[in-house]
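Letters A, B, ... are given to chains in the order of the sequence lines, protein chains preceding strands, and every chain is numbered from 1.
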Amino acid sequence: MKVKRTELTWWERLYLPTLINGFKVTLRHFFSWKRSEVYGDKQKEFTAKTTMQYPEEKWDVPTGYRGAPYLVKDVDEKTKCVSCQLCEFICPPKAIRITPPGDSGVVDREGAEKMPEEFEINMLRCIYCGFCQEVCPEEAIFLLEDYAINGETREELIYNKGKLLALGGADKRAYNHHVQCDVDEGIKKWETKTREAGEQPAFH
Amino acid sequence: MAAKRTEPAVETVTVKVDGCAVEVPRTMPNWQGKPEPTTVLQACKQAGIEIPHYCYHPKMPVAGNCRMCLVHVAMPGRPGPDGKAPTNEDGSPKVFPMQLPYEPGTPRGVIGCATGIVPGMEIYASSPETKEMRKAVLESLLINHPLDCPICDQAGECKLQEYSVDHGQPESRFAEVKVHKPKAVDLGPRITLDAERCMLCTRCIRFTASVVGDDALGIVNRGSYNAISSYPGQPFDNNYTLNTVDICPVGALTSDDFRFQMRVWFLKETKSLCTGCGTGCNTVIGSRENRMYRYEPRQNDAVNSCWMCDAGRLDYKWIGRDDRLGKLHGPRGNTTWPSALREISGHLAKAAEGSVAIVASARQTNEELFLLNKLAKRYKALTDSVPRNGEADHLLVAGDRNPNTTGAQLIGVTTQRVGSKLSAIVKGIVSGKIMTLIVYGEDVTQHGIDAKLLGKLKMLIVSDILPNATTRKADYLLPGCSHAEKRGTFTNVKGRVQKFTKALEPSGDAMPEWEVLHELVHNVTGLDGFNSIEGLFNQMADEVKAFKAAGLTWASLGDNGADVKL
Amino acid sequence: MPKETKLVLKHADEAGYTNDIGCYLKHGGYRTLKKAFRLKPKKVKGAVVTPQEAIRREVLASGLRGRGGAGFSCGMKWNFVNRKSGKPIYLICNADESEPGTFKDRQIIYKDPHQLIEGMILSCYANDVKLAYIYIRGEFPEGAKILNHAINEAKANGFLGKGICGTKYNLEIHVHRGAGAYICGEETGLIESLEGKRPYPRIKPPYFPAALGLYMCPTIVNNVETLCNVRNVLAMGGNAYAALGTPNNTGTRIVSLSGNVKRPGYYEIEVGKATLGELIFHKNFGHGLHDGRKLQAIIPGGSSSKVFRAGEKFDIKSKDKRGEVVEQKLDLLDIPYDFDTLMKCGSMSGSSAIIVLDDSVDIIEVLGNLSDFYAHESCGQCTPCREGSLWMAKALKRMRSGQARKGDAGYLRHIAHNIQGRTVCAFGEACSWPVLSFVDKFRDDFEQRGAEDETRLAKRGAEATTR
Amino acid sequence: MSLEVPKKLEREINRLVKNYPEKRSASLMVLHALQEEFGYISTEAEEWAAARLELKSINIHELVTFYPMLRQQDPGRTVVRVCRTLSCALAGSAKLHGHICKRLGLDADAPGLQRTKDGKYGVEYAECLASCGTGPVMMCNDDFYENVSNDGADEILKKYDE
């Protein structure tokens, strides 16, 4: 089907009116007394200014913001990811690449069986959709608050396991989630399991 | 009704499955092939309805312990004192849905895998009663299951996952502490056991005891604490252990070789053949991004049933080895296919009859051997192959360790006594009569034609996959493909011609041998063959006597192959 | 007046009666056996009836029902045996008495073993059995010794071995000891155990013992008391035996009475000739409850039977002698102790073991105790019972430790319902019936416990957070 | 390390094996005989039995782990088994078990068989010993005791003390 475009008048083709309209909006904001809600506390002391001195000033990231995906650690500062590769599978732009550990399991704690040998996220590819966070059965990957991802080379922007874990850290959000759901035992899943197994009555 | 019968009549029984009358044979072969009364499960299968099951396996004795195949059925009434079966008001035979003794009204299921069908029986394969039974069994199976699907190699091809989705319930009512059992137990050199995931269907025990004849596994402890085990200190180690990994419906038995290597949903599955011996077990290659991760047996009752040996299963690592020949070499270093083929064709065109000899390999496909034989005929060349023998066993392993000796014999590349003409080739080289030697896929220095002798040749053309003493002496080194990287057919020791397909892209300059040979044969003999494997096979099938007698075509091979008379 | 009618235990408790063959012979032992071996083939209505056939007919005519638990007709069981297979027929005496509450076979084996041996020889002769086993539970080491001794004595007296009583009939009986597994009481589990495997009951179909039993040969498995009664049937004649008890519930039966009664013990009664109330309260039997106690519940036929709550009433239908259906209203204590009435009342006579529970016992404790038993004894072969039996035990353990929930009655019912009718053998019913019946009949107890615990735990939780 | 089986026991086992048309059937009886001789069934005993009956060791191991009466470790010279099932429980078997454990210095609440340090006694609960009319009942090795009171238990245990 062909859609017929409407012809622009010469006045419209001049683009000046549109330009002026744009400036009008800018100026209205410039002289506005109303503070933007987006910048919240950062601007408490100012009365009129709505422009922020980025990057010296940073805004408060609202809850639910989907920033860069990082790997988080558990309360014992140990890796949570078990290399199930579901995020790799679900990732629409194929930004995630996991190297499974092989028979050795590459584990950093007793009771665990499997962790990734390598975990890479290509931040250039990532579209911040949050599927990885949603699909993760271990709650090991979260879209945290980082939004300014930059680097000088493409290689630099492929984050590896070490970097992702360091950036994710023992994340409060992951921890809070467990506490909110009243499963504080869950964050010590391996410990709980080992304890239960020890308490089990032997047969006979 | 006088129906014409061309086949011997099969006695049939009519039963109703979900309200539809189905006529099924009265008996069907059991796991050993002996006729036994058709079971409810088999009858439903014939009716196109799959009854979920764990412990039942068509190639093993029936155990009936998982209870997953419970179905609610109704039996026709027994004839009364007057000799007449009870009927409904409309005169149709009356059936009685099975119910619990002591508790009339509560439906009772029968296990589909062991209950024989009775004429007039009604099977409620998808009634609410049946579904409820499945739900109950699945709930029981899951209460003590560790639910560690994220780290379980079976996830994605796990029957527990599949049935839970299809027949289970979303939530469990289990509110107690789970039973803990040993995890990551080293059951044998190739197998790891996770007893918590095990659902004790005993498939592995029955397989190794009944099919392999090595009664190495058993259940220890009692009740809920039951666990599969080998005898402490006696590892589970026969040549068929890895089949237990395939038949394990859950992730209790996992292969050390595949353990934590790749999630199965990433794997591309390609139908292939095992090249470990002359049996030609049908396989499936699991690969991802041009890397092969595993072999799995593919069912073919005429060849390997559902099994394959461990040796064959692990015989794939060489395909991805780092030292694979990837560069096309000519006398003046690296070259390209067009120029190499031009030069070789040019050389061969000048060669006299009898001055060329060919050592082929019984690891090559029928098509390749056929093309080599065409070359050989042009020069009246001596051709032979190299024997590889080992010990045969009672199940699958053949004494002949070459996958295509029979093919080589039928096509005429070698005689019944494989390797008997090698000495004549040696003599020819020594006498200087043979000036050009074409070697395909064998290290001839291991078979009487040593490096010094090779130096006497005017021209040595070698095609191989991995480097060896012969490839190092080659004037022209043509990197070839493994069977996983090309298409073709093998003829197994019993004369079954089977095809395999391509799973991986060859690396570097490597090219399927048949494509190279096809070009060479065309250049040298002028014969115009076919540039597709299908066409090539059909041409071969028309020219090779045994193949022609069997009326083979590429299409007629299907997935399971076809037999030729030996 | 209800009283004991002693047939099997006629001499057992007499003063001076010992378990050696001399004493047994003095009391008329092995006389029936000798009589049976003197039987000659007879012509009845033109057909030749062999002595073996004659014995089998006699047993069928007696209406003798199995005393092990299911109450299946003994004569019928024998008739199912495949005699045309060409394979040897085996007979196994099931002396794996493990049903909680039952202790009748112990009395027979310890006090009158020769009666059992004689019954076995007769049964073997009637079924052309050349090799028979007594599977005795491991917890009866003394019993095994007594039986072995008795077998040797019988051999020495020519009742066993080669050429019994001067005939060409040979028979060997061996004693096989179990090692502490309730499941070995299930006939196919017993057969597997006897074959030296784990006693996993076989699936039926196809492995009915009558066709594919021990070593895949036709096999008869009978309870100790049943086999003793075979001897009594033949001693007094099938019809005379059938005259004892009530129609379809013939003969005598040893009732094991235990629990909260003044005089627990075993009492041999004519089947159906005493009521539950009489057995518990009559001075000839249980002699009533302990002083000041009230009846709370009765487990009428071994721990796997469904429990009766005190004060229950039943509407049952039965056929009278003319075949007319009669409706009857029965109080719990008026239920005649037989096979059929108990079944009509929703339970069973099982192995005829009555466990009496008075109002001092905690119903949840009782059920927990039984569930622990079943969780320990489940063989673990098939899924519902393997997982469900321990699940129930764990749930009850939690409830007993003060963490019951309001919904636990339904929860337990759900688990038990998952098991019953879905297992390989009757153990599934055995472990789920107590739970089902206790929960159904004492639902208020379960709910009350749940409510109490939940309130207490909630209170404690609230205190903990405010602190 | 292989098992040294006395000649007498070997003869006894040969006799037992002959009682059955198939050797495997004798498994339980052979294991009983071995346990009677050695007190428990060691790995060597399992292997010996398997070889004697022409079975695989796992076949025997399956049985030993299934039956509670077959011991894999030394249970103590005298094994005291107190019935814990319903009728005996109603008659006070828990009290009896507790009393015996206290007397022998064992933990009554610990699951499974508890062995005294000197190896003289092993105490455990057993499922129904089939004498429900005379509870509580217990067994000391092969000897059976009914209507056992706490004092009665003391008397009985004295017999096994030396």
K.L.:
Can you see which heavy atom on D:M29 is nearest to which on C:R177, and at what distance?
P.N.:
SD-N, 3.1 Å

K.L.:
If we define contacts as heavy-atom pairs under 4.5 Å, which of D:N141, D:I60, D:L129 has the most with chain C?
P.N.:
D:L129

K.L.:
Going by the side-chain contact (heavy atoms from CB on, under 4.5 Å) test, name the single residue among C:L370, C:V361, C:L367 that passes it with D:L86.
P.N.:
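For D:L86, the side-chain contact (heavy atoms from CB on, under 4.5 Å) check succeeds only for C:L370.
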
K.L.:
With only heavy atoms counted, which part of C:P88 is less than 4.5 Å from chain D, the side chain, the backbone, both or neither?
P.N.:
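Looking at C:P88, nothing touches chain D.
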
K.L.:
Identify the heavy atoms of C:R106 and D:S131 that sit nearest to each other, and give their distance.
P.N.:
NE-CB, 3.8 Å

K.L.:
Between C:S193 and chain D, with a heavy-atom cut-off of 4.5 Å, which part of the residue counts as in contact: side chain, backbone, both or neither?
P.N.:
both

K.L.:
Does any heavy atom of chain D fall under 4.5 Å from the side chain of C:Y374, the backbone, both, or neither of them?
P.N.:
neither

K.L.:
Do C:E142 and D:F144 have side chains that get closer than 4.5 Å, going by heavy atoms?
P.N.:
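Of all side-chain heavy-atom pairs linking D:F144 with C:E142, none is under 4.5 Å.
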
K.L.:
What part of C:V175 gets closer than 4.5 Å to chain D, counting heavy atoms only: side chain, backbone, both or neither?
P.N.:
backbone

K.L.:
Among D:Q35, D:K23, D:H32, which residue forms the greatest number of heavy-atom pairs with chain C at distances under 4.5 Å?
P.N.:
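Highest number of heavy-atom pairs under 4.5 Å: D:H32.
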
K.L.:
How long is the straight-line distance from CD of C:E139 back to CE of D:M139, given to the nearest 0.5 Å?
P.N.:
7.0 Å

K.L.:
Around atom CD of D:E10, are there more than 12 heavy atoms of other residues, nucleotides or ligands at under 6.0 Å?
P.N.:
yes

K.L.:
Does the side chain of C:H176 come under 3.5 Å of the side chain of D:Y20 through a donor N or O and an acceptor N or O?
P.N.:
yes

K.L.:
Contact part of C:S98 toward chain D, heavy-atom cut-off under 4.5 Å: side chain, backbone, both or neither?
P.N.:
backbone

K.L.:
Rounded to the nearest 0.5 Å, what's the gap from OH on C:Y182 to CD on D:E127? Could you check?
P.N.:
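One gets 11.0 Å once the value is rounded to the nearest 0.5 Å.
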
K.L.:
With a sphere of 6.0 Å drawn around NZ of C:K87, does it hold more than 12 non-hydrogen atoms of other residues, nucleotides or ligands?
P.N.:
yes

K.L.:
C:C379 versus D:F66: any side-chain heavy-atom pair under 4.5 Å?
P.N.:
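Touching, per the 4.5 Å side-chain cut-off.
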
K.L.:
If I take atom CG from residue C:N369 and atom CG from residue D:L90, how far apart are they, to the nearest 0.5 angstrom?
P.N.:
7.5 Å

K.L.:
Can you tell me how far CD of C:E97 sits from SG of D:C128, rounded to the nearest 0.5 angstrom?
P.N.:
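Separation between the atoms: 8.0 Å.
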
K.L.:
Counting only non-hydrogen atoms closer than 4.5 Å, does C:D372 touch chain D with its backbone (N, CA, C, O), its side chain (CB onward), both, or neither?
P.N.:
both

K.L.:
Among C:C184, C:P199, C:A181, C:S360, which has the most heavy-atom pairs under 4.5 Å with chain D?
P.N.:
C:P199

K.L.:
Counting only non-hydrogen atoms closer than 4.5 Å, does C:S256 touch chain D with its backbone (N, CA, C, O), its side chain (CB onward), both, or neither?
P.N.:
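Interface part for C:S256: neither.
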
K.L.:
Run the numbers on D:D142 and C:K145 for side-chain contact (heavy atoms from CB on, under 4.5 Å), then give the verdict.
P.N.:
CA-CA 11 Å; D:D142 282 358; C:K145 275 181 205 151; 4.3 Å; yes

K.L.:
Do C:H376 side-chain atoms and D:A126 backbone N/O form a donor-acceptor pair below 3.5 Å?
P.N.:
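Side chain of C:H376 to backbone of D:A126: no pair is present.
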
K.L.:
Can you see which heavy atom on D:E62 is nearest to which on C:R198, and at what distance?
P.N.:
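Closest approach of D:E62 to C:R198: O-NH1, 2.8 Å.
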
K.L.:
What is the minimum heavy-atom distance between C:G180 and D:Y67, and which atoms define it?
P.N.:
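Heavy atoms only, the tightest pair is N-CD2, 4.4 Å.
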
K.L.:
Tell me, side chain or backbone of C:Y200 under 4.5 Å from chain D's heavy atoms, or both, or neither?
P.N.:
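Just its side chain gets close to chain D.
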
K.L.:
Between D:S25 and C:Y133, does any side-chain donor sit less than 3.5 Å from a side-chain acceptor?
P.N.:
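C:Y133 and D:S25 do not have a side-chain donor-acceptor pair below 3.5 Å.
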
K.L.:
Using a cut-off of under 4.5 Å for heavy-atom pairs, which of C:G178, C:A353, C:S303 has the most such pairs with chain D?
P.N.:
C:G178

K.L.:
Taking the side chain as every heavy atom from C-beta outward, state whether D:S87 and C:I355 have any pair of such atoms under 4.5 Å apart.
P.N.:
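They are in side-chain contact.
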
K.L.:
Got more than 12 heavy atoms from elsewhere within 6.0 Å of NZ, D:K95?
P.N.:
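Atom NZ in D:K95 is not crowded, with 12 or fewer foreign heavy atoms closer than 6.0 Å.
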
K.L.:
Which bit of C:Q107 comes within less than 4.5 Å of chain D, counting heavy atoms only: side chain, backbone, both or neither?
P.N.:
neither

K.L.:
Side-chain contact test, heavy atoms from C-beta onward, threshold under 4.5 Å: evaluate it for C:K197 versus D:R24 and give yes or no.
P.N.:
yes

K.L.:
Under 4.5 Å from any heavy atom of chain D, what part of C:R137 do you find: side chain, backbone, both or neither?
P.N.:
side chain

K.L.:
Who among C:G380, C:G265, C:G259, C:G138 has the most heavy-atom pairs with chain D under 4.5 Å?
P.N.:
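Most heavy-atom pairs within the cutoff with chain D belong to C:G138.
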
K.L.:
Under a 4.5 Å heavy-atom cut-off, does chain D meet the side chain of C:Y266, its backbone, both or neither?
P.N.:
neither

K.L.:
With a 4.5 Å limit on heavy-atom distance, are the side chains of C:T102 and D:C132 in contact?
P.N.:
no

K.L.:
Which atoms of C:I191 are under 4.5 Å from chain D, going by heavy atoms: the side chain, the backbone, both sets, or neither?
P.N.:
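When you check distances to chain D, no heavy atom of C:I191 falls under 4.5 Å.
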
K.L.:
What part of C:L214 gets closer than 4.5 Å to chain D, counting heavy atoms only: side chain, backbone, both or neither?
P.N.:
neither

K.L.:
Pick one of side chain, backbone, both or neither for D:R84, based on which atoms fall under 4.5 Å of a heavy atom in chain C.
P.N.:
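Contact with chain C: backbone and side chain both.
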
K.L.:
Locate the shortest heavy-atom distance separating D:G133 from C:P264; write the atom from each residue and the value.
P.N.:
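Residues D:G133 and C:P264, closest heavy atoms: O-CG, 3.2 Å.
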
